[in-house]
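Working notes, beginning with the structure itself.
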Amino acid sequence: MTVHLAICTKTRCHSPHVITLDQITHRYPNGMQALSDISLTVKSHETLVLIGGSGCGKSTLLKMVNGLIRPTRGQILWDDVPLDRDHLIPLRRRIGYVIQQVGLFPHLTVAENIGLVARFAQWSRAQIDARVETLLELVGLDPRLQRDKYPHQLSGGEAQRIGIARALLFDPMVLLMDEPFGAFDPVLRTQLQHEFLSLEFSLKKTIVLVTHDIQEAFLLGDRIAFMDRGRLLQVGTAEELKSCPANDAVSAFVGGIP
Ligand SMILES: Nc1ncnc2c1ncn2[C@@H]1O[C@H](COP(=O)(O)OP(=O)(O)OP(=O)(O)O)[C@@H](O)[C@H]1O
Ligand SMILES: [Mg+2]
């Protein structure tokens with residue numbers, strides 16, 4: 001089977017961009033088989049949620065979509081062109097990545113964390129300042145109050161929003177989010193999830209989001225891909241997973257969710 005990741009934004013919809021992950025298997029050098037023949041389709045503008053227990057291969061799959069890890073078997077294609085080293089840098093500019101645990105650089109300010117990669121892309125200081133301001137406002141933070149802070153001066157929720165702002169720097173077509181709300185208490189988590197929903201609505205990105213939390217998956221995902229020990233057990237809408245779970249593992253996960 002084949003994975004198609006269709007990529008497009010409302011502003012750059014000149015042609016459908018498709019990433020295809022074709023029969024992806026991955027074995028780490030220590031012999032750990034993290035992914036086995038994964039097959040999945042992500043449609044343009046949808047939010048696809050990857051869910052499954054700890055260690056089932058969600059982060060590995062997300063890194064593979066971004067070209068950070070190369071599959072042991074199978075191939076990744078971008079618009080039917082196999083992804084190789086020549087494509088990686090332009091590809092990464094089209095993909096925003098929110099990593100597990102945020103990962104802000106502690107010795108850089110908020111503005112420097114958000115704009116860092118734009119410096120490497122030769123943006124002018126004025127362009128970076130303007131973009132940082134726009135992004136901080138987009139994620140609901142006051143640029144005047146936040147831009148010169150260091151990460152240790154931020155609350156967890158603020159740091160998470162800055163991680164999202166940083167991922168949006170180049171207005172990417174695809175957003176990959178690895179447990180973006182995983183570290184928070186239920187109140188903040190719910191607040192961030194609802195902020196994300198309105199951001200998702202206004203930005204119209206294609207999003208792949210990883211979570212352990214089935215309620216979060218049902219709230220944020222157009223479709224949910226359910227993984228277990230490196231395998232993809234089922235992909236479908238919340239209704240499909242609830243009404244027709246592929247097996248007992250899916251049934252146990254979705255059971256009891258209204
Ligand atoms: N660099 C590595 N070398 C060897 N094994 C690894 C490496 N990275 C991950 N693994 C293993 O691969 C499996 C999948 O890891 P992965 O990080 O993709 O899981 P995950 O589903 O994201 O888990 P979690 O929900 O805990 O973040 C795990 O058993 C993990 O220990
Ligand atoms: Mg992970």
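Just so it is clear, the values below take in all heavy atoms, side chains as well, and ignore hydrogens, waters and symmetry mates. Atoms within a ligand are numbered from 1 in the order they appear, just like the ligands themselves.
With salt bridges taken as basic N to acidic carboxylate O contacts below 4.0 Å, none links Asp178 and Lys63.
Under 4.0 Å from ligand 1, not a single heavy atom of Met227 appears. Looking at Met32 against ligand 1, only its side chain comes within 4.0 Å, counting heavy atoms.
Side chain of Glu133 to main chain of Ala130: no donor-acceptor pair is present (N/O by atom type, distance under 3.5 Å, no hydrogens or angles).
Relative orientation of the Phe105 and His107 rings is perpendicular, given thresholds of 30° and 60° on the angle between their planes.
Set against the non-hydrogen atoms of Thr60, the atoms of ligand 1 under 4.0 Å away are 14 (C), 15 (O), 16 (P), 18 (O). Which parts of ligand 1 touch Glu179 is read off a 4.0 Å heavy-atom cut-off, strictly below it: atoms 25 (O), 27 (O). Proximity to His212 (heavy-atom distance under 4.0 Å) selects the following atoms of ligand 1: 25 (O).
Within the 4.0 Å heavy-atom cutoff, Lys63 does not count among the residues contacting ligand 1.
Looking only at side-chain heavy atoms (C-beta outward), Arg73 and Gln23 stay at 4.5 Å or farther from each other. Annotation: side chain of Ile38 is in contact with side chain of Met227 (closest heavy-atom distance under 4.5 Å).
The closest non-hydrogen atom to atom 28 (C) of ligand 1, taken over Ala34, Gly230, Gly52, Gly55, comes from Gly55. In the candidate list Ile51, Asp178, Asn30, Asn30 is nearest to atom 4 (C) of ligand 1, counting heavy atoms.
Contact detail for Gly31 and Arg27: the closest heavy-atom pair is O-NH1, 3.1 Å. Taking all atoms of both residues into account, the shortest heavy-atom contact from Leu241 to Val254 is O-CG2, 3.7 Å.
Counting backbone and side-chain atoms alike, Ser59 contributes an N/O/S atom closer than 2.8 Å to the Mg ion (ligand 2).
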